[in-house]
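Worksheet: the structure to be examined is printed underneath.
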Amino acid sequence: MESNAMIWFRKGLRIHDNPALDHARRGSKHLFPVFVLDPHYLDPDPSPSSPGSARSARSALNRIRFLLDCLSDLDATLRTLGSRLLLLRGDPVRVLCTILKDWNIGKLCYEFDTEPYSLARDKQVKDFASISGIEVFSPVSHTLFNPAVVIEKNGGRPPLTYQSFVKLAGKPPTPLTETYSELPPVGNVAGYELPSVPTIEELGYGDLSQEEFSPFRGGEMEALKRLKKVLEDKEWVATFEKPKGDPSAFLKPATTVLSPYLKFGCLSSRYFYQCLHNVYKTVGKHTSPPVSLVGQLLWREFFYTVAFGTPHFDQMIGNKICKQIPWRDDEGLFVAWREGRTGYPWIDAIMIQLKKWGWMHHLARHSVACFLTRGDLFIHWEKGRDVFERLLIDSDWAINNGNWLWLSCSSFFYQYNRIYSPISFGKKYDPDGNYIRHFLPVLKDMPKEYIYEPWTAPRSVQKKANCIIGKDYPKRVVVHDTASKECRKEMAEAYALDRSGDNLASKEISNGLRRKLDDQKASRPSCLKQKENTDQITQH
DNA sequence: CCCTCGTTGTTCCA
DNA sequence: TGGAACAACGAGGG
């Protein structure tokens, strides 16, 4: 039998600490490094009928560009090792099954992936490989721990608190240390046209010269460079405390911005973990989980584990750990939030940073997520989740859904009285509003005493700042004081109902609950809609 | 059953 | 700058 092996890249877009790659190259005469551009991922907008989708789709390019960066970088590195990346397009299952046969592959290696979409996809490929007599090797290397093992240790259920997770998890495995001077050459791919990594323009996105792109570029080289820079400041690493970061810092972000590299697997979490521990060893005194940098890696593990062990983790209905809450369906308010037109500069600036950069600080994400859901607008977390998923360069299925569950007080966190103020929260870090001025240039000349609440600026001040509220910049879509009070009340009611319907999270029951709640709502007016010409206090 | 504790709220007061 | 009030949740552990 010819010893042809294939490494199928999906996440794990790296050479270092890559067990699937290492296993594939061992004892193989030919190595076929493959990546399939999946239309499922490339689709710029999963809901093209939604208003404003054209603009949103253009912005989602940051995420795709980041992926293309990763692929170019991977291809370049493979070429220095006497190999190259074989890029294909189409439905991954169909493509894989075809080339496995055509290229006479005897060994297929790919990193295990816990997302439902990936599990379904990989099962089909694996089944095909099995009946074709192809050896399959699929190691866990995206996360520090194997989520299935942690769940088993906990008696078959995922731990639902961070602390209980950390107790179960133990020590992660050390990363592989293999380095390569060369890899087995690519075999015969006759009959296949294998293009090099396309540009986004070549993917059919048209002229993008006017777009502002994310300052963060993808790839393993970029990841390791960024990691090195982070690790150089040992004091910063050792004293890192997540909740103390400044969400308004954008010239020099207050966090590592390694999340997109971890998401695509340009950076191995196990290698990162080891590096952090080495710094801790040399420095001595250091912060601890949950707030430390290692603590952040463990948060990632926590969400991966719960997401893996929870059916319908990414929805409210049918999700056993998710509070059933009668979120309000208001497309106007939702679009205002998505497009950065809520009239709250702090909120809008964050949403614009999301569109332009595909990244914002963790606490900034909290602010806008709270505002959309339980804090002000009372709109479904799934709608916010979809926006983040498409626009964030680090959007990661388990972590994104987990954090939306958290922020909306649907799971993990239940203290719905703690609401971020869309005015004072940002002001506390950035009293002059420099962050707002940068991402919302229309407000750049607004005096600082009004920049967080521009509707309070006298007409003369608005004129002088060249920014008339209601014309150049929107009026606030809700009044925070009343809207947040209303949200608290709604949450209390929803919690009470959810408790009474405990253990009944089946789809049918939940639908019944929703109907019941909807009926209740129908009898009351919904006044949280945007007012055209007034700034009146909203009631519900 | 009860108790403790939870990465990251806001405002007011001393 | 630090503490208390606000109003109060649930998972996990005993």
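By convention in this document, chain letters (A, B, ...) are assigned in the order of the sequence lines, proteins followed by strands, and residues within each chain are numbered from 1.
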Could you pull out all donor-acceptor pairs under 3.5 Å where a side-chain atom in residues 221-229 of chain A meets a protein atom, sequence neighbours excluded?
unit_1	atom_1	unit_2	atom_2	d
A:Arg226	NE	A:Thr256	O	2.8
A:Arg226	NE	A:Val257	O	3.4

Less than 3.5 Å apart, which donor and acceptor atoms pair up between the side chains of residues 439-453 of chain A and the rest of the protein, not counting sequence neighbours?
unit_1	atom_1	unit_2	atom_2	d
A:Lys448	NZ	A:Asp432	OD1	3.3
A:Tyr452	OH	A:Gly426	O	3.3
A:Tyr452	OH	A:Asp430	O	2.6

What side-chain donor-acceptor pairs closer than 3.5 Å can you find for residues 233-240 of chain A, not counting sequence neighbours?
unit_1	atom_1	unit_2	atom_2	d
A:Asp233	OD1	A:Trp236	N	3.3
A:Thr239	OG1	A:Glu235	O	2.7

Sequence neighbours excluded and cut-off under 3.5 Å, please list the side-chain donor-acceptor pairs for residues 391-403 of chain A, or say none.
unit_1	atom_1	unit_2	atom_2	d
A:Asp394	OD1	A:Arg365	NH1	3.2
A:Asp394	OD2	A:Ser259	OG	2.7
A:Asp394	OD2	A:Arg365	NH1	3.4
A:Asp394	OD2	A:Arg365	NH2	2.9
A:Ser395	OG	A:Glu389	O	2.8
A:Ser395	OG	A:Leu392	O	3.2
A:Asp396	OD1	A:Tyr304	OH	3.1
A:Asp396	OD1	A:Ala398	N	3.4
A:Asp396	OD2	A:Tyr304	OH	2.7
A:Trp397	NE1	A:Asp314	OD2	3.3
A:Asn400	OD1	A:Trp404	NE1	3.3
A:Asn400	ND2	A:Arg385	O	3.2
A:Asn401	OD1	A:Arg385	NH1	2.6
A:Asn401	ND2	A:Trp397	O	2.9
A:Asn403	ND2	A:Ile399	O	3.1

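Of the residues in residues 400-409 of chain A, those lying under 4.0 Å from DNA chain B by heavy-atom distance are A:Trp406. Residues from residues 233-260 of chain A with heavy atoms under 4.0 angstrom of DNA chain B, sorted by number: A:Lys242, A:Pro243.
At whole-Å resolution of the value, CD1 in A:Ile399 and C1' in B:dT7 are 15 Å apart. Here the P atom of nucleotide B:dT8 and the CZ atom of A:Arg418 are 6 Å apart, to the nearest Å. Across the protein-nucleic acid pair, A:Phe371 atom CZ and B:dG9 atom P stand 18 Å apart, rounded to whole Å. Atom pair A:Leu168:CG and C:dA11:P shows a separation of 16 Å (rounding to whole Å applied).
For the P atoms, the distance linking C:dA7 with B:dC13 amounts to 15 Å, nearest Å. The gap from the C1' atom of C:dA4 to that of C:dA8 amounts to 15 Å, rounded to the nearest Å. Distance check on atom P: C:dG13 versus B:dT7 gives 13 Å, rounded to whole Å.
Looking at A:Arg10 and A:His142, their side chains never bring a donor and an acceptor atom within 3.5 Å of each other. With hydrogens and angles left out, the side-chain atoms of A:Ser484 and A:Asp376 include no donor and acceptor closer than 3.5 Å. The closest side-chain donor-acceptor pair between A:Trp359 and A:Ser214, if any, does not fall under 3.5 angstrom.
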Contacts under 3.5 Å, N or O only, protein and nucleotides 12-14 of chain C:
unit_1	atom_1	unit_2	atom_2	d
C:dG12	OP1	A:Leu160	N	2.8

Between protein and nucleic acid, restricted to nucleotides 10-14 of chain B and to nitrogen or oxygen atoms under 3.5 Å apart, what atom pairs and distances do you find?
unit_1	atom_1	unit_2	atom_2	d
B:dT10	OP1	A:Ser421	N	2.5
B:dT10	OP2	A:Lys428	NZ	3.4
B:dT11	OP2	A:Ser424	OG	2.9

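Remark: the backbone N or O of A:Ile325 is not paired with any side-chain donor or acceptor of A:Tyr495 at under 3.5 angstrom. Looking at A:Asp498, its side chain never comes within 3.5 Å of a backbone N or O of A:Lys323 through a donor-acceptor pair. A:Gln353 contributes no side-chain N or O that, together with a main-chain N or O of A:Met360, makes up a donor-acceptor pair within less than 3.5 Å.
Residue-environment remark: NZ (A:Lys428) exceeds the threshold of 12 foreign heavy atoms within 6.0 Å.
Residues passing the ring pair (Phe, Tyr, Trp, His ring centres under 6.0 Å) test with A:Tyr473, sequence neighbours excluded: none. Contacts of A:Phe371 classified as ring pair (Phe, Tyr, Trp, His ring centres under 6.0 Å), with partners at least two apart in sequence or in another chain: A:Tyr344.
Using a 4.0 Å heavy-atom cutoff across all strands shown, A:Tyr162 reaches sugar-phosphate atoms only and no base atom.
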Can you build the contact string for nucleotides 4-9 of chain C? Use B for base contact, S for sugar-phosphate-only contact, and - for no protein heavy atom under 4.0 Å.
----SB
For a side-chain contact (heavy atoms from CB on, under 4.5 Å) check, start with the C-alpha distance between A:Val306 and A:Phe412, then their side-chain angles and the critical distance, and finish with the verdict.
CA-CA 10 Å; A:Val306 183; A:Phe412 308 115; 3.8 Å; yes
Under the side-chain hydrogen bond (donor to acceptor under 3.5 Å, both in side chains) criterion, do A:Trp327 and A:Thr373 qualify, and how do the steps go?
CA-CA 8 Å; A:Trp327 302 108; A:Thr373 58; over 6 Å; no
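For DNA chain C, runs of at least 3 consecutive pairs of the Watson-Crick or G-U wobble type, with both hydrogen-bonding distances under 3.5 angstrom, map to B:1-6 with C:9-14, B:9-14 with C:1-6.
For the pair A:Glu115 and A:Lys11, the salt-bridge criterion is met [side-chain N within less than 4.0 Å of a carboxylate O]. We find that A:Glu331 and A:Arg338 are not joined by a salt bridge, their nearest charged nitrogen and carboxylate oxygen being 4.0 Å or further apart.
Taking the centre of each ring, A:Trp381 and A:Trp406 stay at or above the 6.0 Å mark.
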